[in-house]
Engineer: 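My structure is below; once you've seen it, I'll send some questions.
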Protein chains: 2
Amino acid sequence: MPKITLDKTDRKILAILQQDGRLSNQDIADKVSLSPSPCLRRIKRLEEAGVIRQYVALLDPAQIGLGLLAYVNVRLEKHSEGGLASSPHAAFAKAVDGWPEVVACYAMTGEMDYLLRVHVEDMEHFSRFMMKTLLTHPAVADVKSSFALTRIKDTTALPLV
Amino acid sequence: MPKITLDKTDRKILAILQQDGRLSNQDIADKVSLSPSPCLRRIKRLEEAGVIRQYVALLDPAQIGLGLLAYVNVRLEKHSEGGLASSPHAAFAKAVDGWPEVVACYAMTGEMDYLLRVHVEDMEHFSRFMMKTLLTHPAVADVKSSFALTRIKDTTALPLV
DNA sequence: CCTGAAATAGATCGCGC
DNA sequence: GCGCGATCTATTTCAGG
């Protein structure tokens with residue numbers, strides 16, 4: 001992934017696309033005071049350099065029946081019984097990938113190893129996910145869950161430095 | 001926001017748009033075995049009902065110089081000195097909205113009141129954000145920070161129930 | 001709720017500046 | 001790098017089944 005330098009116009013384009021990924025090239029060109037061709041060239045360059053990773057539609061969790069958002073801290077077993085090759089961390093990462101209710105998972109500093117963001121319908125589904133999936137995984141030693149009460153802010157738009 | 005029922009085709013369309021929000025209506029129509037007109041009607045309906053909240057471009061944090069991701073737990077002062085009207089929670093929520101490095105903030109169950117997701121350039125910037133912004137806020141009583149070591153998974157695509 | 005055709009708008013690329 | 005203009009492809013609307 002080649003590194004790239006961004007000028008003011010690039011950053012303006014990125015800010016716009018972070019708010020509305022479906023704007024036409026012409027509209028973007030207008031907003032940054034450029035004609036369509038150079039604007040499109042810049043966008044393509046940003047896509048090819050990987051600055052723009054993906055275009056997506058964001059859904060409303062409530063509207064598709066996902067009424068409960070949980071953050072789950074996970075600590076794994078310390079000892080790697082099968083040596084490094086079959087480390088519990090690699091196995092856990094692979095398992096997480098296959099759990100659709102887990103939308104994000106980061107290895108973290110601190111006393112817990114991982115932080116998971118989990119979307120489910122309700123507490124009953126969460127309970128089932130814990131019992132049948134997370135706590136059943138052999139690498140998991142300990143978990144601590146918190147539940148979202150109110151969304152103050154949640155955006156995919158990164159600050160442009 | 002009206003509630004809505006989704007059939008199998010709607011869910012298929014949503015799954016597709018969660019992966020690629022820029023697919024042309026024709027391509028989507030092909031994938032769900034529909035002709036362009038009814039496909040477009042369904043998409044419009046999903047947009048108007050608020051199931052699709054927004055289309056956005058996702059950027060690579062590393063490529064725009066954001067090398068550090070932190071999760072910060074925040075606890076606020078208990079006593080509301082100005083009564084309910086000027087509750088520290090309302091003031092804190094408003095402040096959070098104005099901090100661009102905080103991309104997400106939820107009020108949570110448990111001993112900490114809020115969980116913040118914070119993108120910054122490096123530890124120096126994080127330190128500055130803590131000293132000059134977060135810890136300076138009068139409502140903040142206590143904070144605990146953890147830092148992301150590895151991204152195992154991070155997607156905006158919600159599971160379709 | 002679908003198909004298909006017609007009108008409108010946008011993306012894309014070569015070339016001159 | 002930018003902008004113009006020609007071409008091609010997609011979106012959008014509206015007839016009718």
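Here is how names work: the chains are called A, B, and so on, in the same order as the sequence lines, proteins then strands, and each is numbered from 1.
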Engineer: Taking only residues at least two apart or on different chains, which pairs with a member in residues 144-161 of chain B satisfy side-chain hydrogen bond (donor to acceptor under 3.5 Å, both in side chains)?
Structural biologist: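 Every pair satisfying side-chain hydrogen bond (donor to acceptor under 3.5 Å, both in side chains) with a residue in residues 144-161 of chain B: A/Tyr106-B/Asp154, B/Arg117-B/Asp154.
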Engineer: In whole angstrom, give the distance that lies between atom CG of B/Asp30 and atom C1' of D/dT9.
Structural biologist: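 Interatomic distance, CG of B/Asp30 to C1' of D/dT9: 14 Å.
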Engineer: Give, ordered by number, those residues of residues 5-22 of chain A having at least one heavy-atom distance below 4.0 Å to an atom of DNA chain D; if nothing qualifies, reply none.
Structural biologist: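 Heavy-atom cutoff 4.0 Å gives no residues at all.
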Engineer: How many whole angstroms separate atom CD of B/Gln26 from atom P of C/dT3?
Structural biologist: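 Distance, rounded to whole Å: 14 Å.
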Engineer: Does anything in residues 33-44 of chain A reach DNA chain D, meaning a heavy atom under 4.0 Å, and if so which residues?
Structural biologist: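 Heavy-atom cutoff 4.0 Å gives A/Leu34, A/Ser35, A/Ser37, A/Pro38, A/Arg41, A/Arg42.
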Engineer: For the residue pair A/Trp99 and A/Phe129, does the interplanar ring angle fall in the parallel (under 30°), tilted (30 to 60°) or perpendicular (over 60°) class?
Structural biologist: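 Correct class here is perpendicular.
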Engineer: I need the CG-C1' distance between B/Asn25 and C/dC2, as an integer number of Å.
Structural biologist: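 One finds 14 Å between C1' of C/dC2 and CG of B/Asn25, rounded.
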Engineer: Checking A/Gln19 against B/Tyr55 for the side chain to side chain donor-acceptor pair (under 3.5 Å) test, could you report, in this order, the C-alpha distance in whole Å, the side-chain angles of both residues, the deciding distance, and whether it holds?
Structural biologist: CA-CA 7 Å; A/Gln19 294 304 324; B/Tyr55 294 93; over 6 Å; no
Engineer: Does the plane of the ring in A/His89 sit parallel, tilted or perpendicular to the ring in A/Tyr114? Use 30° and 60° as the thresholds.
Structural biologist: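 A/His89 vs A/Tyr114 ring planes: tilted.
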Engineer: Please report the closest heavy-atom contact between B/Cys105 and B/Val102, naming both atoms and the distance.
Structural biologist: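 Closest approach of B/Cys105 to B/Val102: CB-CG1, 4.4 Å.
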Engineer: Taking all atoms of both residues into account, what is the closest heavy-atom pair of B/Glu101 and B/Val120, and its distance?
Structural biologist: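 That closest heavy-atom pairing would be CB-CG1, 4.0 Å.
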Engineer: Would you kindly give the CD1-to-C1' distance between A/Ile28 and C/dT12, to the nearest whole Å?
Structural biologist: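 Rounding to the nearest Å, CD1 of A/Ile28 and C1' of C/dT12 are 15 Å apart.
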Engineer: Give the minimum heavy-atom separation between B/Arg22 and A/Leu23, together with the two atoms involved.
Structural biologist: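 It is NH2-O, 2.8 Å.
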Engineer: Using whole Å, report how far CG of A/Leu23 lies from P of D/dT11.
Structural biologist: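 Rounded to whole Å, this separation is 15 Å.
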